[in-house]
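Remarks on the structure that follows.
In what follows, chains are A, B, ... by sequence order, proteins preceding strands, each numbered from 1.
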There are 2 protein chains.
Amino acid sequence: MQKYSLDNSVLMNGKKPPTGPAKLDPNSFVPLYHQLKEILKSSIATGVWKANDLIPSENELAFVHDVAVGTVKKALAELAREGFIVRRQGKGTFVARPDFGRSFFRFFRFDLSQANESVVPVSQVLFAGPTQPPPRAQEVLRLSMGEKTLQIKRLRAFNDLPLMYENVYLPERIFAGLDRIDISHELLYPIYDSKFNTPIIWADEFLEPCLATSEVAAHLGIGQGDPVIFVERIAYTFEDKPVEFRSSFGRGDRFRYHIELR
Amino acid sequence: MQKYSLDNSVLMNGKKPPTGPAKLDPNSFVPLYHQLKEILKSSIATGVWKANDLIPSENELAFVHDVAVGTVKKALAELAREGFIVRRQGKGTFVARPDFGRSFFRFFRFDLSQANESVVPVSQVLFAGPTQPPPRAQEVLRLSMGEKTLQIKRLRAFNDLPLMYENVYLPERIFAGLDRIDISHELLYPIYDSKFNTPIIWADEFLEPCLATSEVAAHLGIGQGDPVIFVERIAYTFEDKPVEFRSSFGRGDRFRYHIELR
DNA sequence: CAGTGGTCTAGACCACAAG
DNA sequence: TTGTGGTCTAGACCACTGG
């Protein structure tokens, strides 16, 4: 059984392809396993392999890239630890599906001690469409002069109780058309991934306490001057590229942010 | 040259010690490298090797525990990744010294964009002594009935500006005498480590915004009803044992909490 | 059964540190 | 020069999966 698409040229001479997919440089100062990691990562990033895809086996990769299996193992082990792939004994190695069942909690960790487990927040979209970004968004998203953004303004609620008032800015270049998708019962990050091929890998988050302005208070159903938390988030996709800027106001009486410091 | 204390018995028969320090079970379902990790970790935890100590080389460990060097390498690599040890090519492997130059920022991450780098906060100690813990502290520290705590109440300032008002609770059993140390210009975690052999490994932190009570406002030099952030922290030492409970109020106008979500 | 990843071995060569 | 950790190889055996 022939697996995957090994060039015939590869099979013919039994050695590394003269001008094939091999890109490892044995003379580099960068270790082979690290070079291999980067190659595999970029194959995922550029969509050569998509979420849940089975990728070639250790032996395949070792043969194609002309390295020992141990070197492949080391590269794959690190990618698995970093969450890019999932390995299953007896089955194979798969591109990781970002765990969106938990992505909400990954990136919006409040403490829902009394709430039940699988709550998905409901969003009331107040606005969705192209806008000129505010300077702060332009800066953190590294937009060129005059480049437009999609803006989403929404109210997020749990159990009919408004919890957060949010403004999201996205480069229109990447997310064109997102403003026409109904997101009122969806999480955004799975959509970024599946519809725009832009998974969120990590995020920077900044919190500060403040008092509700009359606008914020009205949206959240609290009084002006009540305590709220202001959260700024910059979310990044592959290669630490910022693709989302989000600023939110959370109700102080319902918000409890939890983080593990390691 | 004889290094470390290999039992003569070990050297005599050239095989694994009949009743020595070897504790690896080759028949266990737990992989050898993982068993070795746990043994090494507990040697650190129990003080057999202290911070900055040089630990035996890969070859030494492989010989003593009767496994291949590759297995030792794997165990050491994971311990290094988890921050328990530091490895230096050509020199050896050392027990990690918790990086207390940064511990303040590790556990109290505000954003000091404009502040200079090596600020150490000054503390004004308002109270330090044995107390009966409040129920919340008793719960999270898992104290037995009637067990006492040391309480430290202090005001932390940067550049003479009060920033946080803090209450710290510690099991007296572990930290007896800490209340007689001058901590006004010191960080607590290095003291826990060096004087009480209790390094802080990680922490759980909970944040919520609220309004300053008159007591908090007075301490922080702000008005009653101004925005403050309330932070609860449970800090853990080896084996996930909770050893510090801390609750703090931070000035909203000077506090900006930063976290990287990965 | 064959193929997969998980563990483990026993070497090799290298860059680096220190005497 | 010796000893260290860092990389890499080429095998071995195992447990697990699925046909």
**Q.** For B/K74, all residues meeting salt bridge (charged side-chain N to carboxylate O under 4.0 Å, His left out), sequence neighbours excluded
**A.**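 Residues passing salt bridge (charged side-chain N to carboxylate O under 4.0 Å, His left out) with B/K74: none at all.
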Q) Got a sec, which residues hit salt bridge (charged side-chain N to carboxylate O under 4.0 Å, His left out) with A/E58, two or more places apart in sequence or on another chain? A)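 In terms of salt bridge (charged side-chain N to carboxylate O under 4.0 Å, His left out), with neighbours along the sequence ignored, A/E58 is linked to A/K73, A/R87.
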Q | Contacts of B/F175 that satisfy ring pair (Phe, Tyr, Trp, His ring centres under 6.0 Å) - sequence neighbours left out | A |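 B/Y192, B/F196.
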Q: Identify, with sequence neighbours excluded, every residue that meets side-chain contact (heavy atoms from CB on, under 4.5 Å) alongside B/S184.
A: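 Testing B/S184 for side-chain contact (heavy atoms from CB on, under 4.5 Å), a comparison that skips the adjacent residues, returns B/D182.
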Q.
My understanding is that only residues two or more places apart in sequence, or in another chain, count here; which of them pass side-chain contact (heavy atoms from CB on, under 4.5 Å) with B/V140?
A.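 B/V140: side-chain contact (heavy atoms from CB on, under 4.5 Å) contacts with B/R136, B/I234, B/F245.
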N/O contacts under 3.5 Å, protein versus nucleotides 5-12 of chain D?
from  : atom 1 : to    : atom 2 : distance (Å)
D/dG5 : OP1    : B/T93 : OG1    : 3.1
D/dG5 : OP2    : B/E58 : N      : 3.0
D/dG5 : N2     : B/Q89 : NE2    : 2.7
D/dG6 : OP2    : B/R87 : NH1    : 2.8
D/dG6 : O4'    : B/Q89 : NE2    : 3.2
D/dG6 : N7     : B/K73 : NZ     : 3.0
D/dT7 : OP1    : A/Y33 : OH     : 3.2
D/dT7 : OP2    : A/K74 : NZ     : 3.4
D/dC8 : OP1    : A/L32 : N      : 2.5
D/dC8 : OP2    : A/L32 : N      : 3.2
D/dC8 : OP2    : A/Y33 : N      : 3.3
D/dT9 : OP2    : A/A68 : N      : 2.8
D/dT9 : OP2    : A/T71 : OG1    : 2.4

